[in-house]
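Below you'll find the structure, written out as structure tokens, and then a few comments.
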Amino acid sequence: MDGYMVHGILEDIAKTSSRTEKIAILGRHMSDPVFKRVLVAAYDPFVTYGLTPPKCVGAGPQSLTMDSKFWTVLEQLASRTITGNAARDLVQEWLLDVLDEPSSKVATMILNKDLRCGITAKSINKVAPGMIPEFTVMLAHKFEDKRIKTWPVAVEPKLDGLRTVIVVNDADVQFFSRTGKPFAALDHLAPVILATLNKARAVLDAPDCPLDEKRREAFSRMLGKHGLSVVLDGEGVAGTFNETTGALRRKSEAASDTVLNLFEVLPRRTFMANDVVPLPYTLRRAFAEWVLMHAPENGPLRLVSRYLANSPAEIQSFYQSFRDRGLEGAIVKPMSEHYHKKRHYGWMKIKAQETLDLRVIGAFEGTGKYEGQLGGLIVDHSGVAVRVGGGFSDEERVRLWERFQADDERGLTADPLTEAFATEAFAKGCTALGHLIEVEYHEKTPDGSLRHPRFVDFRDDKDDLWKEAA
DNA sequence: TGTGTTTCGTAGGGTTCTTGT
DNA sequence: ACAAGAACCCTACGAAACACA
């Protein structure tokens with residue numbers, strides 16, 4: 001197979017909107033080494049190339065085959081042997097002068113880490129299990145009380161930091177983000193983790209172990225039959241959210257003030273090899289409590305607290321008490337649910353929803369499938385221009401982009417961040433600019449912007465200027 | 001050497017379409 | 001008919017790496 005054929009197959013996959021059909025096409029070509037290499041190069045999340053390729057179409061002589069030197073170029077980019085302008089120039093040369101047109105297109109898509117045909121690692125792994133490495137953890141859905149079948153449910157505080165997953169295999173301790181990227185800034189916590197686990201192990205093995213035999217057996221298996229073999233899951237917190245992201249990503253120094261707020265201690269082999277760790281929350285919680293009993297007091301390892309709620313009202317009151325303590329929200333966990341390595345209703349989050357009515361001062365075009373449509377609206381939030389890019393339906397993106405462009409041609413001259421802007425927009429009959437929209441968001445950021453802003457609706461009804469005109 | 005830009009990563013917010021129950 | 005899965009848009013912000021004056 002060569003670049004021409006790969007490109008043809010990707011076009012076939014792009015053409016059909018049916019997922020089963022996409023997977024069937026993938027399956028027909030999965031045995032080809034070039035095709036496989038393209039898929040892995042594009043979708044392995046642990047390989048990145050450190051640049052955005054220039055938009056250019058090749059007219060060179062070479063096709064992308066197994067022997068192509070382009071694979072070497074990719075390796076050099078991935079290992080950052082070649083970076084910066086040198087990387088940019090080399091890539092441009094390959095895309096323009098070396099590779100032929102279809103191969104150049106495929107190469108560009110690889111560098112963009114997106115083959116533009118409606119597939120990702122999930123679909124590929126369905127056809128060829130394990131081909132694309134995936135690192136997944138359990139995530140929470142939004143809270144819905146109809147999901148609760150039995151009471152009580154566990155309610156835990158939700159902390160605002162970075163998800164941290166710690167893999168312990170004997171004396172080897174590694175720290176990962178929720179997507180499997182290493183957190184080297186936490187390596188200094190390995191000794192305290194090992195000490196805690198070893199202490200727990202010693203108590204289990206002692207003749208005067210306080211646990212009954214059945215429980216001792218179960219905990220012993222969960223801790224690892226031979227040596228230590230567990231995965232700890234929790235939230236790393238080092239100050240505010242921004243301080244935490246900074247500290248944990250920093251390579252130059254250890255994140256020494258980090259507290260690991262742990263909520264799971266899972267058997268490592270089961271975690272690594274399966275999509276589900278088939279142990280009920282109650283057992284996992286009991287095990288985590290018992291393991292972390294052996295952590296040093298007031299040290300960096302903490303077990304997140306847990307409360308039991310017997311009604312939706314009790315859940316809300318726990319949530320409110322967490323908010324009053326300055327915490328981000330609550331996680332609700334039905335007691336019999338297993339640990340699923342995906343977004344699952346076994347965990348449900350409750351978070352604050354704030355809303356504001358803000359004036360539209362601009363707009364921007366979308367990218368990808370939203371090219372030529374609205375990417376988002378820009379609003380004035382007490383002098384700070386905030387980009388609101390979520391919450392629109394596809395239809396609204398088309399309509400609003402047209403409205404904005406018509407407004408744009410009216411040639412507004414006032415400073416967008418002043419009161420005069422709305423007056424001028426009104427005088428010139430704008431249909432988007434100068435109007436109020438309701439924006440939902442998570443919180444105000446230290447810079448006076450909004451975290452996770454999304455569009456709700458136009459609110460001319462709340463705006464004297466436009467209300468009178470209507 | 002300092003300043004600005006790009007890339008990548010963290011966190012999160014959504015809509016749309018297909019498939020499975 | 002409804003839920004779940006998958007794909008793919010969008011945000012703010014920090015660190016690192018690089019470009020350029």
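So you know, we letter chains A, B, ... as the sequences are listed, proteins then strands, and number each from 1. Quick note: numbers below take in every heavy atom, side chains included, and nothing from hydrogens, waters or symmetry partners.
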In B/S/- notation, 5' to 3', how is nucleotides 14-21 of chain C contacted by protein heavy atoms closer than 4.0 Å? BSS-SSS-
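Between the P atom of C/dA6 and the NE2 atom of A/His141 lies a distance of 11 Å, rounded to the nearest Å. Atom pair A/Ile23:CD1 and C/dA6:P shows a separation of 8 Å (rounding to whole Å applied). Rounded to whole Å, atom P of C/dA12 lies 13 Å from atom NE2 of A/His381. Following rounding to the nearest Å, A/Ile13 (CD1) and C/dA6 (C1') show an atom-to-atom distance of 15 Å. We find that NE2 of A/His452 is positioned 11 Å from P of C/dC13, with the value rounded to whole Å. If you measure from atom NZ of A/Lys22 to atom C1' of C/dA6, you get 10 Å, rounded to the nearest angstrom. Summarising the geometry, the separation between CZ on A/Arg19 and C1' on C/dA4 is reported as 13 Å, rounded to the nearest angstrom. Rounded to an integer number of Å, the gap from A/Leu377 CG to C/dC9 P is 18 Å.
Contacts of A/Leu51 with the nucleic acid, taken as non-hydrogen atoms under 4.0 Å apart, involve only primed sugar atoms and P, OP1 or OP2. A/Phe183 comes within 4.0 angstrom of no nucleic acid atom, judged by non-hydrogen atoms across all strands. Across all strands, A/Thr244 comes closer than 4.0 Å to no nucleic acid atom at all (heavy-atom distances). If you check every strand for non-hydrogen atoms under 4.0 Å, A/Lys142 touches sugar and phosphate atoms only. Here A/Tyr441 lies out of heavy-atom contact (under 4.0 Å) with every strand.
Contact annotation: A/Lys146 reaches the phosphate of C/dA3 (side-chain N/O to OP1 or OP2, under 4.0 Å). Phosphate contact (OP1/OP2 of C/dT11, side-chain N/O of A/Arg387, threshold under 4.0 Å): present. The side chain of A/Thr367 places no N or O atom within less than 4.0 Å of a non-bridging phosphate oxygen (OP1 or OP2) of C/dC9. Under 4.0 angstrom from either OP1 or OP2 of C/dC13 there lies at least one side-chain N or O belonging to A/Thr445.
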Going by atom type alone, with no hydrogens or angles, which donor-acceptor pairs under 3.5 Å involve a side-chain atom of residues 85-96 of chain A and a protein atom two or more places apart or on another chain?
unit_1  : atom_1 : unit_2  : atom_2 : d
A/Asn85 : OD1    : A/Arg88 : NH1    : 3.2

Review item, side-chain donor-acceptor pairs of residues 359-370 of chain A, under 3.5 Å, at least two apart:
unit_1   : atom_1 : unit_2   : atom_2 : d
A/Arg359 : NH1    : A/Gly434 : O      : 2.7
A/Arg359 : NH1    : A/Asp463 : OD2    : 2.9
A/Glu365 : OE2    : A/Gly372 : N      : 2.6
A/Tyr370 : OH     : A/Asp394 : OD1    : 2.8

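Residues from residues 341-352 of chain A lying near DNA chain B, meaning a heavy-atom separation below 4.0 Å, are A/Lys349, A/Lys351 in numerical order. Applying a 4.0 Å cut-off to non-hydrogen atoms, the residues of residues 112-124 of chain A that approach DNA chain C are A/Arg116, A/Gly118, A/Ile119, A/Thr120, A/Lys122, A/Ser123, listed by residue number.
Partners of A/His381 under the ring pair (Phe, Tyr, Trp, His ring centres under 6.0 Å) rule, at least two apart in sequence or in another chain, do not exist in this structure. Qualifying side-chain contact (heavy atoms from CB on, under 4.5 Å) partners for A/Lys105, counting only residues two or more places apart in sequence or in other chains: A/His7, A/Glu101. Annotation: salt bridge (charged side-chain N to carboxylate O under 4.0 Å, His left out) contacts of A/Glu328 (sequence neighbours excluded): A/Lys158, A/Lys351. Qualifying salt bridge (charged side-chain N to carboxylate O under 4.0 Å, His left out) partners for A/Glu134, counting only residues two or more places apart in sequence or in other chains: A/Lys122. Residues forming a side-chain contact (heavy atoms from CB on, under 4.5 Å) with A/Lys15 (at least two apart in sequence, or on another chain): A/Asp12. Residues that satisfy the salt bridge (charged side-chain N to carboxylate O under 4.0 Å, His left out) test with A/Lys444, not counting sequence neighbours, are absent from this structure.
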Run the salt bridge (charged side-chain N to carboxylate O under 4.0 Å, His left out) check on A/Glu156 and A/Arg285 step by step: do they pass? CA-CA 11 Å; A/Glu156 299 176 359; A/Arg285 176 71 197 187; 3.7 Å; yes
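A/His452 has its ring centre no less than 6.0 Å from the ring centre of A/Tyr441. Between A/Phe176 and A/Phe183, a ring centre-to-centre spacing not shorter than 6.0 Å is recorded.
Here the side chains of A/Val168 and A/Ile193 are in contact, with some heavy-atom distance below 4.5 Å.
Along DNA chain B, the nucleotide nearest A/Thr20 and the nucleotide nearest A/Glu440 are compared for position; the residue whose nucleotide lies closer to the 5' end is A/Glu440. Residues A/Asp394 and A/Leu162 both approach DNA chain B. Their nearest nucleotides, taken by heavy-atom distance, put A/Leu162 toward the 5′ side.
Counting only N and O atoms by type, the side chains of A/Arg399 and A/Thr431 include no donor and acceptor under 3.5 Å apart. Between A/Ser177 and A/Arg163, the side chains place no donor N or O within less than 3.5 Å of an acceptor N or O (distance only, hydrogens not considered).
Here chain A contacts DNA chain B (any atom closer than 4.0 Å to a heavy atom, that is under 4.0 Å), and the contacts span B/dT7 to B/dT19 from 5' to 3'.
At a threshold of 4.0 Å, the pair A/Arg302-A/Glu235 does not count as salt-bridged, since none of the basic side-chain nitrogens sits closer than that to a carboxylate oxygen.
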